[in-house]
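No experiment lies behind these values; they were computed from the predicted model shown. Numbered from 1 within each chain, the chains take letters A, B, ... in sequence-line order.
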Amino acid sequence: MDDTRAAEAADDPLRPQLLLLMAGAVIGVVLLGAALVIDLTGANDVRTPAVPTMPSGGLPTMPSQGVPTMPNLPTLFPTAPPGATGAPTELPTNLPTNLPSIPQIPGGAP
Amino acid sequence: MTTGPGDTGPPRRWSPTVPGGGHHGAAGGPPQASGVSAARAAVRSAVRDDAEARARALLVVRLTIALYLAELLLNLLRPHVQPHEPALSIFERTTRLSGSVGRLLATPRTVFWLVLAGIVAGVLLQVLVMATRPDERRARTLTWLTVAVVLGPFGLIPLTVIAEYPLQALACVPGTAFALALLHFGQRFSRIPAMMLLAAFAWGALVVFGLGRAASNLAFGTLYGFMGDGAQSDLTRLAERQYDALDVVVVHSGVVNALVVAAGVALLLVLFRHRVTDAVTGLVVGAAIGLGYNLVESTLIIRLFGTLSAFTGTTGGFEYWVRQSIGLLGGQVAFGAVLGAGFGLAAQARRRGGRTRAALAGLAAAICGAIATETLAAWLSRIVHDHVSVGGPLDTLVVSPFLWLLPQAPFIVVAVLLLAVGTRARAAAARDAVAAEAASGTAITRWEAPFLADPALRFWSLVSTGRLYGRGSALALRRLQLAQLDLAAWRWQHPGVLDGPAKEEGDRLRARVMLLRTRPGIRPAAAPRPGQVTP
């Protein structure tokens with residue numbers, strides 16, 4: 001009994017510090033509650049852009065049968081325009097070399 | 001007047017209380033020894049190495065490893081979100097990153113293997129101790145070796161951070177050193193040993209940060225596995241689950257960090273010899289642990305935010321400004337201080353209920369505060385920055401720091417009030433103890449008692465002595481006063497009738513005071529009396 005009283009008396013000076021610690025704990029719990037509310041309501045969530053949902057079974061596979069095939073492309077291209085018999089193979093060689101000069105402009109060249 | 005070389009050396013404020021310890025050395029002048037042996041002697045005199053202290057240290061180590069192993073087990077049991085996931089999420093290689101970031105991301109894997117090797121080595125060492133029953137000295141060495149090999153691997157993560165970003169770490173040194181000095185010199189009546197303060201700092205930097213990161217890394221993989229299961233086909237939902245997992249990781253980190261800080265405070269209070277154990281002692285130890293954590297975290301965040309500023313909108317310079325100036329004593333430092341004060345008070349309380357309440361209140365405040373401030377600061381910033389332009393001078397210097405500190409402010413206030421009330425309680429206890437010692441013996445005279453109980457008067461007496469008789473006399477007087485305060489602190493911690501080792505310790509402290517009083521350089525007049533006229 002005396003020991004208990006002695007312990008209580010020894011702990012009396014500690015009471016203000018213990019109260020301060022309890023106050024800190026209460027403040028912490030209150031702030032934690034506020035933080036959890038913010039988290040759980042999504043008020044602090046990062047805004048992520050919507051991404052299209054992938055099909056549940058993964059990407060569709062290509063059908064193995066009934067796939068249309070590409071038509072055969074011509075392997076030879078025409079060598080002359082349609083209706084023509086063919087491109088000229090000989091070009092004229094005796095073209096005039098002297099061309100008429102420009103007439104004199106009154107007042108000089110611009 | 002005075003003095004030999006021993007008189008001008010730094011006074012040994014925190015001498016051990018073991019027989020043959022530093023008290024005698026301080027009184028008679030320390031023996032000449034080499035630097036290494038002197039350091040070894042200092043460690044041996046400051047740290048308890050009895051069987052009880054070693055058993056408690058091993059208990060803390062076992063609990064720490066149990067925490068890490070529990071994280072590993074949960075990670076192994078998680079559902080796999082992606083095909084071909086490895087058994088442990090830390091072995092997942094999503095992208096191959098080179099450079100410092102790649103090395104940082106690889107450290108949890110290295111830590112995993114080193115911890116496994118450390119556990120094996122620790123078990124072998126303990127088996128060796130049990131099988132061979134070595135002598136006391138060898139058992140002591142093997143025990144501390146066990147602690148080192150088991151806890152050491154966690155230090156790899158913070159050491160990698162500091163080695164990769166040395167400039168950022170160096171930039172954080174001045175502020176951290178200032179805060180450490182503040183913690184050391186801010187204690188009244190009885191200071192904890194400087195070695196204890198540095199050990200607390202190292203615990204925070206190496207163990208709390210390392211284990212906290214290693215555990216959080218595993219926890220994120222575990223939570224993502226459980227929360228992302230079933231959302232594999234919906235990329236939007238998968239991303240949302242990832243953010244939800246991050247929210248829970250914040251909660252997890254708050255709990256794990258606080259538990260490891262608490263383990264550090266308890267361990268240091270047990271291991272180191274210090275004169276007074278109360279709320280102020282615990283507060284200083286807890287704050288130093290938080291400061292160590294803060295140094296490594298600041299180094300990492302300053303670098304990361306500096307690199308990713310284009311994406312995050314925050315620069316490394318801003319992080320430095322917030323974390324190493326106005327917020328230096330907030331965050332982990334404030335939470336560590338409150339937690340440490342709770343544990344110090346629990347150690348001081350006589351009743352079991354009081355002890356439990358103090359420890360739980362400190363833990364609750366630290367855990368809840370750390371979690372809440374992470375979320376609330378981000379939320380407040382989001383609200384306010386819809387109306388305030390980001391990155392301007394007003395935002396950088398006022399708005400953002402204010403929003404960061406606002407949720408922490410109640411805990412900083414609680415820590416400051418705890419320091420003030422605890423210091424006041426110390427002063428009252430010091431007055432009673434000094435008066436009791438002055439009444440019962442001659443080590444403290446009734447003229448000296450008022451000066452010893454009042455820091456301002458004590459300082460004034462030192463200055464006056466220095467001006468009248470020179471620096472050597474002032475230092476000698478200071479040494480005498482510190483020895484008398486040690487004696488008064490002993491009287492405070494042992495108020496009842498004593499016998500056995502406690503009484504022997506008291507006798508030794510009195511002998512030390514008497515020896516200092518009779519040394520050259522100490523004059524009766526060196527301790528000014530009340531009413532004495534001084535120039």
Starting at CD1 of B:Ile289, measure out to CG of B:Asn257 and round the result to the nearest 0.5 Å.
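The CD1 atom of B:Ile289 sits 11.5 Å away from the CG atom of B:Asn257.
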Within a strict 4.5 Å, meaning less than it, do heavy atoms of the [X] and [Y] side chains meet?
| X | Y | answer |
| --- | --- | --- |
| B:Val256 | B:Ser216 | no |
| B:Val248 | B:Met227 | yes |
| B:Asp278 | B:Trp492 | yes |
| B:Phe343 | B:Leu363 | yes |
| A:Val37 | A:Thr41 | yes |
| B:Thr277 | B:Gln348 | no |

Which atoms of A:Leu31 approach chain B - backbone, side chain, both or neither, heavy atom under 4.5 Å:
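Contact with chain B: backbone and side chain both.
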Look only at the side chain of [X] and the backbone of [Y], and say whether a donor-acceptor pair between them is shorter than 3.5 Å.
| X | Y | value |
| --- | --- | --- |
| B:Ser381 | B:Ala377 | no |
| B:Arg355 | B:Arg350 | yes |
| B:Gln187 | B:Leu183 | yes |

Under 4.5 Å, counting heavy-atom pairs only, tell me which of B:Leu417, B:Leu360, B:Ile371 racks up the most with chain A.
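Most heavy-atom pairs within the cutoff with chain A belong to B:Leu417.
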Using only non-hydrogen atoms and a strict under-4.5 angstrom cutoff, which residues of residues 331-342 of chain B touch chain A?
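Residues of residues 331-342 of chain B touching chain A at under 4.5 Å: B:Val338, B:Ala341, B:Gly342.
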What residues of residues 420-436 of chain B make heavy-atom contacts with chain A at a cutoff under 4.5 angstrom?
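Residues B:Val421, B:Gly422, B:Ala425 are the ones that qualify, each having a heavy atom under 4.5 Å from chain A.
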